[in-house]
Enquirer: 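Take this structure, written in structure tokens, and hold onto it; I'll ask about it next.
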Amino acid sequence: MENEPLSEYQKELIRDTWQIVNQDQIHHGTVLFTRLFELEPALVFLFQYNSANFSSVQECLGSSEFTEHIRKVMTVIDAAVQSLDSLPSLEEYLTGLGRKHRATGVKLESFNTVGESLLYALESGLGDMFTSDTRDAWSRLYATVVSAMSQGWWRDPQGQ
């Protein structure tokens with residue numbers, strides 16, 4: 001994770017705002033994915049559970065399996081927030097997560113849209129608390145996470 005480290009002020013902004021958003025993970029995660037599917041509708045077809053082929057975004061978002069996916073995504077964000085002082089400790093896990101996403105057909109470029117959707121969900125949930133400094137702090141954290149996940153596209157499981 002070679003991105004420039006977050007400042008203490010940025011870490012504080014992330015922790016303070018996450019404390020608010022984290023109170024209702026499923027709601028804010030649903031906002032994130034609703035926005036993601038608005039921006040990249042074809043991504044909904046990557047989410048197939050037990051041979052269920054979702055015919056609409058609403059069908060996908062309303063499924064219990066997808067709610068579990070939202071919970072997992074929010075847990076990863078929570079882990080990043082909890083590890084702000086030691087983000088490199090998550091690198092191996094995030095690289096493996098990237099590898100799993102690659103295997104399901106996710107394109108690396110789609111993480112740009114996920115980032116936009118995360119910022120949208122944060123802004124929706126935080127309102128006036130979502131300042132330009134807060135946006136910048138979250139953008140930098142997300143870039144660090146994606147940098148580690150993207151290694152899953154380039155490195156094999158043995159780290160080569």
Side-chain angles (χ1 to χ4, degrees), residues 1-41 43 46-47 61 66-160:
M1 295 189 183
E2 61 257 359
N3 291 329
E4 187 177 326
L6 292 161
S7 69
E8 290 305 312
Y9 174 64
Q10 288 173 319
K11 291 176 188 178
E12 182 181 336
L13 285 173
I14 291 168
R15 287 185 182 112
D16 289 350
T17 55
W18 182 247
Q19 188 172 9
I20 295 164
V21 172
N22 197 33
Q23 292 175 20
D24 193 352
Q25 286 189 355
I26 299 303
H27 169 74
H28 296 291
T30 301
V31 170
L32 186 161
F33 278 98
T34 299
R35 181 66 174 161
L36 177 64
F37 294 148
E38 286 172 1
L39 296 173
E40 275 193 59
L43 289 178
L46 295 178
F47 295 96
L61 288 171
F66 196 77
T67 299
E68 185 56 30
H69 183 76
I70 291 171
R71 192 179 321 281
K72 288 177 183 177
V73 169
M74 299 305 274
T75 298
V76 170
I77 296 170
D78 187 60
V81 171
Q82 299 307 318
S83 301
L84 287 173
D85 292 320
S86 58
L87 284 172
S89 68
L90 293 178
E91 190 164 359
E92 186 176 328
Y93 170 75
L94 292 171
T95 298
L97 193 58
R99 197 175 297 114
K100 287 179 185 176
H101 280 77
R102 181 190 66 197
T104 62
V106 175
K107 302 283 185 253
L108 196 52
E109 302 78 41
S110 291
F111 282 105
N112 293 331
T113 313
V114 174
E116 290 175 41
S117 301
L118 172 62
L119 294 174
Y120 176 86
L122 290 166
E123 186 172 13
S124 296
L126 295 168
D128 292 343
M129 287 186 66
F130 194 72
T131 64
S132 59
D133 284 350
T134 304
R135 173 182 285 277
D136 183 53
W138 275 100
S139 295
R140 291 186 59 197
L141 173 60
Y142 183 73
T144 301
V145 169
V146 169
S147 175
M149 287 181 71
S150 69
Q151 294 303 307
W153 266 258
W154 315 122
R155 292 195 338 216
D156 66 31
Q158 287 75 38
Q160 302 300 316

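Being a predicted model, the structure only gives us computed values, none of them experimental. As a basis for the values below, the full set of heavy atoms in this structure was taken, side chains included, without hydrogen atoms, waters or symmetry mates.
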Enquirer: Give me the atom names and distance for the closest heavy-atom approach of A121 to V31.
Expert: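 Distance-wise, the nearest heavy atoms are CA-CG1, 3.8 Å.
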Enquirer: Using a 4.5 Å cut-off on heavy atoms from C-beta on, say whether the side chain of I70 contacts that of V73.
Expert: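 Answer no - side chains too far apart.
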Enquirer: Going by atom types only, do S147 and T144 share a side-chain donor-acceptor pair under 3.5 Å?
Expert: no
Enquirer: Keeping to residues at least two apart or across chains, list the salt bridge (Lys or Arg N to Asp or Glu O under 4.0 Å) pairs with something in residues 14-26.
Expert: R15-D85
Enquirer: If you compare all heavy atoms of A137 against all heavy atoms of I14, which two are closest, and at what distance to 0.1 Å?
Expert: O-CD1, 3.5 Å
Enquirer: Identify the heavy atoms of Q25 and R71 that sit nearest to each other, and give their distance.
Expert: OE1-O, 4.3 Å
Enquirer: S86 side chain to S89 main-chain N or O, any donor-acceptor pair under 3.5 Å?
Expert: no
Enquirer: Can you name the ring pair (Phe, Tyr, Trp, His ring centres under 6.0 Å) partners of F33, sequence neighbours left out?
Expert: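 Here the qualifying residues are F66, H69.
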Enquirer: For E40 and F37, indicate whether the former's side chain and the latter's backbone hold a donor-acceptor pair under 3.5 Å.
Expert: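 Such a contact is absent between E40 side chain and F37 backbone.
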Enquirer: Between the main-chain N or O of A80 and the side-chain N or O of S83, is there a donor-acceptor pair closer than 3.5 Å?
Expert: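 Checking the backbone N and O of A80 against the side chain of S83, no donor-acceptor pair under 3.5 Å is found.
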Enquirer: Do M129 and T134 make a side-chain contact, defined as non-hydrogen atoms from C-beta onward lying under 4.5 Å apart?
Expert: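 In short, these two side chains do not touch, never coming nearer than 4.5 Å.
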Enquirer: Backbone N or O of A148 within a donor-acceptor pair of the T95 side chain at under 3.5 Å?
Expert: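 Between the backbone of A148 and the side chain of T95 there is a qualifying donor-acceptor contact (under 3.5 Å).
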Enquirer: Measure the OG-CG distance between S110 and L46 for me, rounded to the nearest 0.5 Å.
Expert: 7.5 Å
Enquirer: Taking it one step at a time, do L94 and V76 satisfy side chain to side chain contact (heavy atoms under 4.5 Å, CB included)?
Expert: CA-CA 9 Å; L94 292 171; V76 170; 4.0 Å; yes
Enquirer: Measure the spacing between CZ of R35 and CG of L119 and express it to the nearest 0.5 Å.
Expert: 11.0 Å
Enquirer: Counting C-beta onward and ignoring hydrogens, is there a side-chain heavy-atom pair between T17 and L122 closer than 4.5 Å?
Expert: no
Enquirer: I'd like to know if the side chain of R102 reaches the main chain of G152, judged simply by a donor and an acceptor atom lying under 3.5 Å from each other, with no hydrogens or angles considered.
Expert: yes
Enquirer: Between CD of E92 and CG of L97, what distance do you get to the nearest 0.5 Å?
Expert: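 If we round to the nearest 0.5 Å, E92:CD and L97:CG are 12.5 Å apart.
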Enquirer: Roughly how far apart are F111 CZ and T113 OG1, rounded to 0.5 Å?
Expert: 10.5 Å
Enquirer: Yes or no on side chain to side chain donor-acceptor pair (under 3.5 Å) for Q19 and N22, after CA distance, side-chain angles and deciding distance?
Expert: CA-CA 5 Å; Q19 188 172 9; N22 197 33; over 6 Å; no
Enquirer: Return each pair, listed once, that meets salt bridge (Lys or Arg N to Asp or Glu O under 4.0 Å) where at least one residue sits in residues 114-133; pairs must be two or more places apart or across chains.
Expert: E123-R135
Enquirer: Examine distances only and state if a side-chain atom of R140 and a backbone atom of P5 form a donor-acceptor pair shorter than 3.5 Å.
Expert: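 Yes: the side chain of R140 pairs with the backbone of P5.
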Enquirer: Look up atom CD1 in I77 and atom CG in L32, then write down how far apart they are to the nearest 0.5 Å.
Expert: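 The CG atom of L32 is 6.0 Å from CD1 of I77, to the nearest 0.5 Å.
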Enquirer: Does any non-hydrogen side-chain atom of W138 lie less than 4.5 Å from one of L13?
Expert: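 No, their side chains stay 4.5 Å or more apart.
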Enquirer: Rounded at 0.5 Å granularity, tell me how far NZ in K107 sits from CG in N112.
Expert: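 Going from NZ on K107 over to CG on N112, the span is 14.5 Å.
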Enquirer: Is the shortest side-chain heavy-atom distance between M74 and W18 below 4.5 Å?
Expert: yes
Enquirer: Does a side-chain heavy-atom distance below 4.5 Å link Y120 with L36?
Expert: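 With C-beta onward as the side chain, the pair stays apart.
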